[in-house]
Amino acid sequence: MGGVYGAGRVLRSRHGEVQRAWLQYEAECSFTDGHDRWSLYRAALDTPAALPLLFDAVSLEPDGPLASGVVGDVLERVPEDEREQWVQLLPPGVRDFSARRARELGVLASLEQGGMPSDAVGEIIDGWSDWLQLRAVRAASDKEVLHVVSQKGRTKAIRRAATEARQRR
């Protein structure tokens with residue numbers, strides 16, 4: 001028994017060391033550096049209570065591609081009705097990717113809920129990104145939707161994944 005308790009103390013000690021190292025790193029950060037800001041934003045992404053502060057920070061972020069990366073990650077974590085607000089934070093020159101990702105997440109939600117029939121998928125799949133086509137394979141429960149993706153997916157890997165998913169369901 002003593003070994004288990006000793007291991008617990010060692011683990012707590014390591015946690016403390018990691019925390020001190022992080023705090024030291026944090027104290028030495030220069031938020032003029034995009035890498036440091038990215039680390040801060042990533043930490044905020046994992047803290048739901050920090051999202052309102054992150055929203056404000058991203059609205060002031062001078063590095064458009066960095067802001068776009070943050071918004072791209074946020075979009076999967078916020079409700080659908082909040083996504084457009086995040087997209088609109090971005091400068092127009094870097095907004096397209098996040099706007100498309102927000103639309104794609106809406107398509108995924110529809111597929112997960114069975115709200116998109118296979119004939120509709122067949123009509124629009126050519127306009128989907130590879131990312132969306134692969135995620136659709138994981139999200140769709142309708143075998144007919146998977147059949148369409150297995151026939152019309154852009155890459156061999158997407159078509160194969162859809163065929164395999166269809167066989168499992």
Side-chain angles (χ1 to χ4, degrees), residues 18-19 21-142 145-146 148-149 152-162 165:
V18 169
Q19 181 183 28
W22 172 251
L23 291 174
Q24 178 64 33
Y25 165 78
E26 202 173 41
E28 294 173 1
C29 280
S30 164
F31 293 114
T32 60
D33 178 70
H35 293 95
D36 289 340
R37 292 194 313 278
W38 175 253
S39 295
L40 178 66
Y41 295 152
R42 293 291 306 161
L45 281 168
D46 294 331
T47 310
L51 283 178
L53 297 171
L54 184 60
F55 186 89
D56 290 342
V58 171
S59 73
L60 301 170
E61 174 57 54
D63 183 338
L66 176 58
S68 178
V70 174
V71 169
D73 283 351
V74 166
L75 293 176
E76 290 196 61
R77 299 167 191 246
V78 297
E80 189 170 356
D81 63 342
E82 293 179 20
R83 291 180 186 146
E84 186 60 24
Q85 296 169 6
W86 284 90
V87 170
Q88 292 303 313
L89 283 178
L90 298 171
V94 295
R95 194 177 292 160
D96 289 348
F97 175 82
S98 292
R100 179 176 183 148
R101 183 55 49 91
R103 287 189 304 273
E104 290 177 334
L105 289 166
V107 170
L108 279 177
S110 182
L111 288 168
E112 287 171 344
Q113 299 162 4
M116 184 175 292
S118 60
D119 57 338
V121 171
E123 292 173 14
I124 63 175
I125 191 170
D126 290 338
W128 291 359
S129 67
D130 290 356
W131 178 88
L132 178 54
Q133 289 184 15
L134 281 170
R135 292 284 298 262
V137 169
R138 287 182 261 165
S141 57
D142 182 336
V145 167
L146 291 169
V148 170
V149 178
K152 298 182 96 175
R154 183 171 296 112
T155 67
K156 189 176 191 177
I158 292 168
R159 294 187 301 272
R160 183 177 51 247

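Residues forming a side-chain hydrogen bond (donor to acceptor under 3.5 Å, both in side chains) with Asp130 (at least two apart in sequence, or on another chain): Arg154. For Asp73, the side-chain hydrogen bond (donor to acceptor under 3.5 Å, both in side chains) test picks out Arg42, with sequence neighbours left out.
Note that CG of Asp46 and OH of Tyr41 are 15.5 Å apart. Values are rounded to the nearest 0.5 Å. Distance check: Leu105 CG to Ser110 OG gives 12.5 Å after rounding to the nearest 0.5 Å. Note: Arg37 CZ to His35 NE2 = 10.0 Å, rounded to the nearest 0.5 Å. Note that CG of Leu54 and CG of Leu89 are 9.0 Å apart. Values are rounded to the nearest 0.5 Å. A distance of 10.0 Å separates CD in Gln85 from CD in Gln88, rounded to the nearest 0.5 Å.
In this structure, Ser59 contributes its side chain and Asp56 its backbone to a donor-acceptor pair below 3.5 Å. Although no hydrogens or angles enter the test, the distance criterion places no donor-acceptor pair under 3.5 Å between the side chain of Gln133 and the main chain of Val149. Under a 3.5 Å cut-off, the side chain of Ser98 and the backbone N or O of Val94 do not form any donor-acceptor pair.
Of all heavy-atom pairs between Leu146 and Ala162, the closest is O-CB, 3.6 Å. Closest approach of Ser68 to Leu90, counting heavy atoms only: N-CD2, 3.6 Å. Considering every non-hydrogen atom in both Gly122 and Ile125, the closest pair reads O-CG2, 4.0 Å. Closest approach of Ala136 to Leu111, counting heavy atoms only: CB-CD1, 3.5 Å. Taking all atoms of both residues into account, the shortest heavy-atom contact from Ser118 to Val148 is O-CG2, 3.7 Å. Nearest heavy atoms, Ala139 versus Leu108: CB-CD2, 3.8 Å.
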Output, in order, the C-alpha distance, side-chain angles, deciding distance and verdict of side-chain contact (heavy atoms from CB on, under 4.5 Å) for Met116 and Val107. CA-CA 8 Å; Met116 184 175 292; Val107 170; 3.9 Å; yes
Go through Val121 and Trp128 one step at a time and tell me if the side-chain contact (heavy atoms from CB on, under 4.5 Å) criterion holds. CA-CA 10 Å; Val121 171; Trp128 291 359; 3.8 Å; yes
Run the numbers on Leu75 and Val87 for side-chain contact (heavy atoms from CB on, under 4.5 Å), then give the verdict. CA-CA 8 Å; Leu75 293 176; Val87 170; 4.2 Å; yes
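Applying the salt bridge (charged side-chain N to carboxylate O under 4.0 Å, His left out) definition to pairs two or more places apart or across chains, those involving residues 93-113 are Arg100-Glu104, Arg101-Glu104.
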